[in-house]
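One-based numbering along the sequence shown.
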Amino acid sequence: MAGATALLIFLFAIPATYAANYIVGDSAGWGTGVNYNNWASGKTFNVGDSLLFSYGGLHTVDEVSASDYSSCNSGSAINSYNDGNTNITLSTPGPHYFICQTPGHCGGGMKLQVAVTSGSSSTPTPVTPSTPTPTGSSTPTTPTVGSSPATRTPSSLSPTPPSLSGANDMNSLFLGAPILLAALLAIMG
């Protein structure tokens with residue numbers, strides 16, 4: 001019985017990990033005519049979250065550098081996908097950039113930039129760089145601190161499509177295991 005109690009304590013001590021699954025563009029998906037800057041604003045992306053790009057055969061998803069994002073250049077893409085249903089797990093903190101390589105699409109707005117946080121308990125505050133001090137001026141300028149990003153709440157997350165529900169089912173199973181074990185121990189004891 002002591003071993004079962006120790007196992008129960010161990011299962012309750014394991015922290016649950018929650019990752020958000022975002023459908024890029026929500027119901028519009030990954031395509032032309034969507035403002036992806038607006039779509040990403042107000043969302044907090046953490047390491048472990050995933051982006052689901054759902055698109056037709058004319059499109060691609062290319063993960064690119066900041067300069068390639070700005071110039072809509074996919075020639076040196078970090079990763080390139082064309083399967084129509086691309087799920088990308090955000091595995092590192094920092095900015096991530098995605099474009100469509102179909103001619104004219106990126107230039108027409110089919111590009112996405114997300115800032116990924118490490119998922120720590122402290123929320124980063126964005127800093128907007130100030131205008132440089134003119135030469136000869138003795139008054140230094142300080143950066144303007146922006147407002148904190150929106151708090152991550154269940155209502156701000158896109159619903160998980162059925163194809164991604166397995167991860168949520170595993171979280172439910174994992175979280176339900178200690179309760180089931182406790183019930184079994186109570187019956188046996």
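Under the side chain to side chain donor-acceptor pair (under 3.5 Å) criterion, Asn82 pairs with no residue at all, not counting sequence neighbours. Take Tyr81 and apply the ring-ring contact (aromatic ring centres under 6.0 Å, His included) test, not counting sequence neighbours, and it matches no residue. The ring-ring contact (aromatic ring centres under 6.0 Å, His included) check on His59 picks up His105, with sequence neighbours excluded. Residues satisfying the side chain to side chain donor-acceptor pair (under 3.5 Å) criterion with Ser41, sequence neighbours excluded, are absent altogether. Legend: residues meeting ring-ring contact (aromatic ring centres under 6.0 Å, His included) with Phe98, ordered by chain and number and at least two apart, are Phe53. The side-chain contact (heavy atoms from CB on, under 4.5 Å) check on Ser54 picks up Asn85, with sequence neighbours excluded. When the side-chain contact (heavy atoms from CB on, under 4.5 Å) test is applied to Ser65, the partners found at least two apart in sequence or on another chain are Ser67, Asp68. Evaluation of the side chain to side chain donor-acceptor pair (under 3.5 Å) rule for Tyr36 yields no partner, not counting sequence neighbours.
The minimum heavy-atom distance between Val116 and Val47, with the atom names listed, is CG1-N, 3.5 Å. The two residues Cys72 and Gly107 make their nearest non-hydrogen contact at SG-N, 3.5 Å. Nearest approach of Ser70 to Lys111, heavy atoms of both residues: O-NZ, 4.1 Å. Here the shortest heavy-atom pairing between Gln101 and Ser74 reads CB-OG, 3.1 Å.
Note on Tyr22: it clusters hydrophobically with Val24, by side-chain heavy-atom contacts below 4.5 Å among ILVMFWY residues. Side-chain heavy atoms closer than 4.5 Å link hydrophobic residues (I, L, V, M, F, W, Y) into clusters, and following such links, even through other members, never connects Phe45 to Ile99. Following chains of ILVMFWY side-chain contacts shorter than 4.5 Å, one cannot reach Trp39 starting from Tyr69, and the two form parts of different hydrophobic clusters.
When hydrophobic side chains of Ile, Leu, Val, Met, Phe, Trp and Tyr are connected at separations under 4.5 Å, Ile78 ends up as a singleton with no cluster partners.
Distance alone, capped at 3.5 Å, is enough to place a donor-acceptor pair between the Thr102 side chain and the Leu58 backbone. Between the side chain of Asn35 and the backbone N or O of Asn37, at least one donor-acceptor pair lies under 3.5 Å. Side-chain N or O atoms of Trp30 include one that pairs as donor or acceptor with a backbone N or O of Thr60 at under 3.5 Å. Looking at Asp49, its side chain does come within 3.5 Å of a backbone N or O of Ala20 through a donor-acceptor pair. Panel note: side chain Asp62, backbone Val64; no donor-acceptor pair is recorded below 3.5 Å.
Among residue pairs with one or both ends in residues 89-100, those qualifying as side chain to side chain donor-acceptor pair (under 3.5 Å) are Glu63-His96, Thr92-His96; sequence neighbours excluded.
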Practice problem: Would you sort out whether Cys100 and Cys106 count as a disulfide (SG to SG under 2.5 Å), showing the intermediate values? | Solution: CA-CA 5 Å; Cys100 177; Cys106 176; over 6 Å; no

